[in-house]
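Before any comments, here is the structure.
All values below were derived from every heavy atom in this structure, side-chain atoms included, with hydrogens, water molecules and symmetry-related copies excluded. Note that the structure is predicted; figures quoted are calculated from it, not measured. So that the names make sense, note that chain A is the first sequence line, chain B the second, and so on, each numbered from 1.
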There are 2 protein chains.
Amino acid sequence: MVLSKSCDYGLRAALFLAASEREESFVSISEMAKALGLSFHFLTKILQTLTRKGLMVSTKGPHGGVRLARPADSINLMDIVIAIDGPRLLNECVLGLNGCSDQHPCPLHRQWVSIRSGITELFNQSTLKSVAQRIAEGSYRLIDLIEEPEKKV
Amino acid sequence: MVLSKSCDYGLRAALFLAASEREESFVSISEMAKALGLSFHFLTKILQTLTRKGLMVSTKGPHGGVRLARPADSINLMDIVIAIDGPRLLNECVLGLNGCSDQHPCPLHRQWVSIRSGITELFNQSTLKSVAQRIAEGSYRLIDLIEEPEKKV
DNA sequence: CTTAATTCAGACAAGTTTGTCTTAAATTAG
DNA sequence: CTAATTTAAGACAAACTTGTCTGAATTAAG
């Protein structure tokens, strides 16, 4: 798992907001949870983190909810990932060695740095807007096909 | 975390064996655990998995231990990864959507498939021997620099 | 045969992530 | 002001991963 589940959910919610074409108004978390097939309470907790980190703005009461704090083309996926999972992804060793670096590399360090920079580039270059546009085109989805993931027998 | 800790440890142990230049003889798990700075009991459990999966051979009693079941150039990292973490890595969606595929892609699917194939290619093309050789050259390491990883304050 | 060394098996504990629930606080509408 | 709606906060539980321990089984050596 490259991203935690919390991070997956946070990204899906952020993309849902960006794709909702209602950037001005607040969308309730329960509506989002329903649309995305996620636990309301769990999503609430995750979005609280994003609100605390300044990526979203929330308001309580009727017609309350959350919205993106900035235009969707000024937030990229890496912002969300770092807010939820921290900078782990940026410098983690593929063999889990702490202190792995150019100076003290593990035997896979060079190759892994290359792959990792591909990942960070993807998250850095993808804005919520650019990704949401693909969703709006209708050919991409944000919700699970199957409710319960198949477990091993 | 791309690989579980168990998988990290299993890979390190397998590479340790491949780099030990004692392919014929058995190496005790306690010796390996000591050398790699890992918990003996935990490593034992992981290596039992690799033994059950046919990647290692073990023998009990004095001078017992484990060794690679096949020559180090016929085992690649992917063999170890799949034995321990399962095929998760091969088809997992970056947004955690189950059923994500070319037919039902998430909005990052195309880019992620490309990155993922880079990862699988790395693990497929890296044999224990090829990686162990780099270790034997002395410029790469398999053990943690710092014992206790720093926790967030 | 006895003893020591070692893996095997599985119970158990600790830690982390994921998910649920309840109550409080804030906001809006009447 | 009151009631309804919604997020905020945090306790708690469930599930999974990681780590520890004990005893059994096997092997080698004397």
Sugar-phosphate atoms are those with a prime plus P, OP1 and OP2; base atoms are the rest. Using that split, label each nucleotide of nucleotides 22-30 of chain C B, S or - for protein heavy atoms under 4.0 Å, 5' to 3'.
B--BBBBS-
Rounding to an integer number of Å, can you tell me how far B:I46 CD1 sits from C:dG10 C1'?
16 Å
With the threshold set at under 4.0 Å for non-hydrogen atoms, list the residues of residues 49-58 of chain A touching DNA chain C in residue-number order.
none
Sorted by first residue and then second, give each salt bridge (Lys or Arg N to Asp or Glu O under 4.0 Å) pair with at least one member in residues 30-42 of chain A; sequence neighbours left out.
A:R22-A:E31
Give DNA chain D the dot-bracket treatment, 5' to 3': Watson-Crick (N1-N3 with N6-O4 or O6-N4) or G-U (N1-O2, O6-N3) under 3.5 Å, [ ] crossing, | other strand.
||||||||||||||||||||||||||||||
Any donor-acceptor pair under 3.5 Å from A:N76 side chain to A:S126 backbone
no
Got a sec, which hydrophobics cluster with A:V57, joining ILVMFWY side chains under 4.5 Å apart, including via others?
A:F26
If you link I, L, V, M, F, W and Y whenever their side-chain heavy atoms are under 4.5 Å apart, who else ends up in the same group as B:V113?
none
What is the distance from CG of A:L3 to P of C:dT18, rounded to the nearest Å?
11 Å
So for A:K45 and D:dT7, does any side-chain atom that can act as donor or acceptor lie under 3.5 Å from a complementary atom in the base?
no
For B:S28, check side-chain hydrogen bond (donor to acceptor under 3.5 Å, both in side chains) against everything at least two apart and list the hits.
B:S30
Taking the side chain of B:F42 as heavy atoms from C-beta outward, which of D:dA8, D:dT20, C:dG19 is closest to it?
D:dT20
Between the CG atom in A:L17 and the CG atom in A:L55, the distance rounded to the nearest 0.5 Å is 11.5 Å
Output the rest of the hydrophobic cluster of B:M1: all Ile, Leu, Val, Met, Phe, Trp and Tyr residues reachable through side-chain heavy-atom contacts under 4.5 Å, sorted by chain and number.
none
Considering residues at least two apart in sequence or located in another chain, which fulfil the ring-ring contact (aromatic ring centres under 6.0 Å, His included) criterion with B:F42?
B:Y9
To the nearest Å, how far apart are A:L38 CG and C:dT17 P?
19 Å
Within this structure, what is the CE-to-C1' distance between A:M1 and D:dT18, rounded to whole angstrom?
15 Å
Got a donor-acceptor contact below 3.5 angstrom from the A:R12 side chain to the A:I143 backbone?
no
Atom pair CG/CZ of A:L128 and A:R70 - distance to nearest 0.5 Å
9.0 Å
Would you jot down, in residue-number order, the residues of residues 24-35 of chain A having a non-hydrogen atom under 4.0 Å from DNA chain D?
A:S28, A:I29
Determine yes or no for a side-chain-to-main-chain donor-acceptor pair under 3.5 angstrom, with B:R141 supplying the side chain and A:C106 the backbone.
no
OP1, OP2 of D:dT20 versus side-chain N and O of B:S39: anything below 4.0 Å?
yes
What residue pairs, at least two apart or across chains, pass salt bridge (Lys or Arg N to Asp or Glu O under 4.0 Å) with a residue in residues 84-99 of chain B?
B:D85-B:R88
Below 4.0 Å: OP1/OP2 of D:dT17 and any side-chain N or O of B:S6:
no
Value in whole Å for how far the P atom of D:dT5 lies from CZ of A:F40:
13 Å
Calculate the interatomic distance between A:Q48 atom CD and D:dA8 atom P; express it in whole Å.
5 Å
I'd like to check B:D73 versus B:S130 (side-chain heavy atoms, cut-off strictly below 4.5 Å). Are they in contact?
no
A:L47 has an atom CG; how far is it from atom P of D:dT6, in whole Å?
15 Å
Summary of ring pair (Phe, Tyr, Trp, His ring centres under 6.0 Å) pairs that have at least one residue in residues 96-142 of chain A, sequence neighbours excluded
none
Phosphate OP1/OP2 of C:dG19 contacted by A:Y9 side-chain N/O (<4.0 Å)
yes
